[in-house]
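By convention in this document, chain letters (A, B, ...) are assigned in the order of the sequence lines, proteins followed by strands, and residues within each chain are numbered from 1.
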Protein chains: 2
Amino acid sequence: MSVGIRHDDLRRRNRAMVISAVRRAGQPSRTEIAATTGLSHSTISAISADLIQEGILAESKASEPTALKRGRPQIGLALNPEAAAVLTVVLSLNFLSVAVIDYAGQVVSEEQHRLDTLVMPRDELIGECMAIVRRRLQDPDLDVGSVARIAMGIQGITDTHSRAMLWSPITPLTDIPFADLLEKEFGIPATTENDCNMMAVALQWRDPERYRDDFIAILLSHGIGMGLVLKGALFTGTHSSGGEFGHMIHRPGGALCRCGRRGCVEAYAGNYAIWRSAMGISEDATPTDVGDADMRALAAKARQQDGPEREAYRRAGEALGFSLGSLFALIDPAPVAMVGVSAAAFDLIEPALREAIAQTAGGQHSESISFDTEPNELPLIREGCAMRALTFVDQEIFAPGGQARAGKHVE
Amino acid sequence: MSVGIRHDDLRRRNRAMVISAVRRAGQPSRTEIAATTGLSHSTISAISADLIQEGILAESKASEPTALKRGRPQIGLALNPEAAAVLTVVLSLNFLSVAVIDYAGQVVSEEQHRLDTLVMPRDELIGECMAIVRRRLQDPDLDVGSVARIAMGIQGITDTHSRAMLWSPITPLTDIPFADLLEKEFGIPATTENDCNMMAVALQWRDPERYRDDFIAILLSHGIGMGLVLKGALFTGTHSSGGEFGHMIHRPGGALCRCGRRGCVEAYAGNYAIWRSAMGISEDATPTDVGDADMRALAAKARQQDGPEREAYRRAGEALGFSLGSLFALIDPAPVAMVGVSAAAFDLIEPALREAIAQTAGGQHSESISFDTEPNELPLIREGCAMRALTFVDQEIFAPGGQARAGKHVE
DNA sequence: AGGCTTTTTTTCGAGCCTCAAAAAAATATT
DNA sequence: AATATTTTTTTGAGGCTCGAAAAAAAGCCT
């Protein structure tokens, strides 16, 4: 049952709120923080004095060219980059990348690595992940505060508590508890996050104007994934990362999907599905991975002339449109960001998509639904992981105490 | 942006928590409240003294046959039935019902009324609603505390803020701001709620064991509706009541739905759709309303022998199964309550439903998905409205102050 | 019956937290 | 140099929750 508010929670929450206001605003003055949080100046003054004394915030000496105004000039408060650091791990098809990020959000160090995820045995895959993290952690250049959190973004389904990868299209392996493995190996709290969810988190930070309370990030790549933000919060399943938009049923008993089932959206709109359709291969054929370059070539050909290639994109658009319509029937329409290599071919997809969505209950105002595209998902996933980890540090380490009161931060 | 916690919010929230604990538990002692809320005994003592003094709670003199225990006996705290009252209005196809309910949740007075919703002009429909409410409010037997809240449950789509009915299958009229009309007429704060959402709320109170954090209530009637509770909270769309499960697309371009579109789940599983299919009427035929008695007869016939009737239910099950599978792909599987006249025929629907759902990503563990049935939706809707209104009184009237601090309750 | 034990509830003082108002600080304007 | 303006800090008051201790209200035991 929901629990009462203890007296100590008050300061904790307001501390977290101040930190969050600074992270969001960049260099707000105390007065600005008071305005956005609704707390009094004295409270903000007290809390920020604490945070500065603890080395979490710092007064920004950086002489911003503030407009000349009468009165005492505002002093900007900024996150102290050295207060902590976080580490992101992004594991996607045949690709592993790691970055160390300081408390202010700047990349300090990074490393990337190609590997054959599809065929690697379990121990080797885990070993590679651990090894690349270890190398980054032992980097002598790394003099930023100790790494306080690891966020791993994985293409695939994770559990609600962000502990494990349950299933992934990039490997036949299942149920790898990456978070536990990382914590055990490095003694640093870690989470395992779904890639599309991290895309959504990143978009929220990148463009809070457009992606604020309700929006959808859809990954158009080998598979079809979705990250969903509703009422300002990331939407996840009750047991898993959820939002498996790609496996909503478009046509019962239809085309063969990579997941082994039939008729999923992905079986019409995933890279392999578009390819299969364009090449005139049977819908029952086992999906094969198609390189990004091949997909770009396919899109170019589809643009050049009408033919099976263009028809393949049309069918993908139709599948996406009807399924988005079904989704919108549940949650109401929201802005959409199309991410991934096939988002670069969205011009080929959009007409059929809009035509389909207009035939659904969720697409009632289909012309007002806006789409944005972003061809490269990896930077988004990393940014999302970074923000996930950083906000964890903000809330759980620098404003600790929730239920199990953690050790106090000592200066 | 999220707002800081003021000092006065603390007491307010804990007050609300105590009230909520009492409503949930029935007659908890102070000690029990302290345990469930996590607050200290002294705090509970102080808050409950206030609440008793204000006439919101009362010590239950009712000599419960508590097991003989050593020590000072616990004093049960109960809601004071006379602290306030709420009024529920349920408007469904050709039927209007109103009830007055005391603060403890007991029905004090009620009235029901048949009317032709499908053909009534706007003014008349609104007039009937206002008249029946006025009669109940003026009932001389009504000596319970003044009515503090009205909750109206309507079959159809409402807006997020529960102010208006946007669209409904029971009338060609649209955009009726019932909440505003009621408030203006009677000066009592009111809301307009979606019927299926209220069903879900009621189930949560009726059987909190089974329907706690994640579950689905599906109305199988003329149309197909859904109320969805995720992570303990009612799920609504971003602009409307949302959860229009009945208008997810089952077969793109398929059977004609009552909403004018094609291929919706409802066009296969709504009463009219089952009837149409059983009678061998074309899928393109305009939907007609079918009486409950006819539906019961149809189900009986389907049970009796294999034939087009049984096949119609099978097709309904298939549509429901694939769509539930798509839904579960998004939110993960959860317990389902089937409500409404066709829920009584769930035995005819279930086999095909399970077969279909097993073919979807969301139905991975389809055998573990459990269904419960409840043929009568009206009592559920009324209960849901009652609890909705009562918890509003709990939180907004008896623990006021959120942002715009309301006048304090004076004894 | 009367004292003892057990459990619940209330009382009381301490420690925090937030807030409003006043004071201090820092700069532009006159 | 004095004044005006705006931001930040200081200070005292009031409220809230908590822990400990006291009070209350029973059953238990001799």
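- More than 12 heavy atoms of other shown residues, nucleotides or ligands fall within 6.0 angstrom of atom NZ in B:Lys231.
- Checking side-chain atoms of A:Gln204 against main-chain N and O of A:Gly232 turns up a donor-acceptor pair under 3.5 Å.
- Remark: B:Asn14 is in phosphate contact with D:dT17, judged by side-chain N or O atoms under 4.0 Å from OP1 or OP2.
- Side chain of B:Ser45, nearest nucleotide from C:dC19, D:dC18, C:dT9: C:dT9.
- In this structure, the CZ atom of B:Arg15 is 11 Å from the P atom of D:dT17, given to the nearest Å.
- Straight-line distance from the CG atom of B:Asp8 to the C1' atom of D:dT17: 15 Å, rounded to whole Å.
- The separation between B:Asp50 atom CG and C:dT9 atom C1' is 15 Å, rounded to whole Å.
- With a 6.0 Å cutoff to the six-membered ring centre and a 45° limit on the axis angle, B:Arg23 does not count as a cation-pi contact of B:Trp205.
- Closest to the B:Leu10 side chain, of the nucleotides D:dA26, D:dT8, D:dT17, is D:dT17.
- Taking 3.5 Å as the limit, the base of D:dG19 and the side chain of B:His41 contain no donor-acceptor pair of atoms between them.
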Show each protein N/O and nucleotides 21-25 of chain C N/O combination with a separation under 3.5 Å, one pair to a line.
none

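- For A:His7, the side-chain atoms get nearest to D:dG15 when compared with the rest of D:dT9, C:dT9, D:dG15.
- In this structure, the CD1 atom of B:Ile47 is 16 Å from the P atom of D:dG15, given to the nearest Å.
- One interatomic measurement links the two molecules: CG of B:Asp9 to P of D:dT17, which rounds to 12 Å at whole-angstrom precision.
- Using a distance-only test at 3.5 Å, with no hydrogens or angles considered, no donor-acceptor pair links the side chain of B:Asp214 to the main chain of B:Ala334.
- Nearest nucleotide to the A:Arg30 side chain, out of D:dT17, D:dA26, D:dT9: D:dT9.
- In this entry the distance linking CD1 of A:Ile75 with P of D:dT6 reads 17 Å, nearest Å.
- Nearest to the side-chain atoms of A:Ser29 among the listed nucleotides D:dG19, D:dA25, D:dT8 stands D:dT8.
- A side-chain donor from one of A:Ser40 and A:Thr43 sits under 3.5 Å from a side-chain acceptor of the other.
- As rounded to whole Å, 19 Å separates atom P of D:dT8 from atom CD of A:Gln53.
- Here the two rings, on A:Tyr103 and A:Phe398, have centers that are under 6.0 Å apart.
- Set against D:dT17, C:dT18, C:dT10, the side chain of B:Arg11 has D:dT17 as its closest nucleotide.
- Side-chain nitrogen and oxygen atoms of B:Ser40 include none within less than 4.0 Å of the OP1 or OP2 phosphate oxygen of D:dG19.
- The closest donor-acceptor contact from the side chain of A:Ser29 to the backbone of A:Gln74 lies at 3.5 Å or more, if one exists at all.
- When each of A:Ile44 and A:Ile5 is assigned the nucleotide of DNA chain D bearing its nearest heavy atom, the one mapping closer to the 5' terminus is A:Ile44.
- In the interface, the side chain of A:Arg70 is not paired with the base of C:dT29 through any donor and acceptor atom under 3.5 Å apart.
- Side-chain atoms of A:Thr37 come within 3.5 Å of backbone atoms of A:Ile33 as a donor-acceptor pair (strictly under, hydrogens ignored).
- Atom CD1 in A:Ile52 sits about 10 Å away from atom P in D:dT8, given to the nearest Å.
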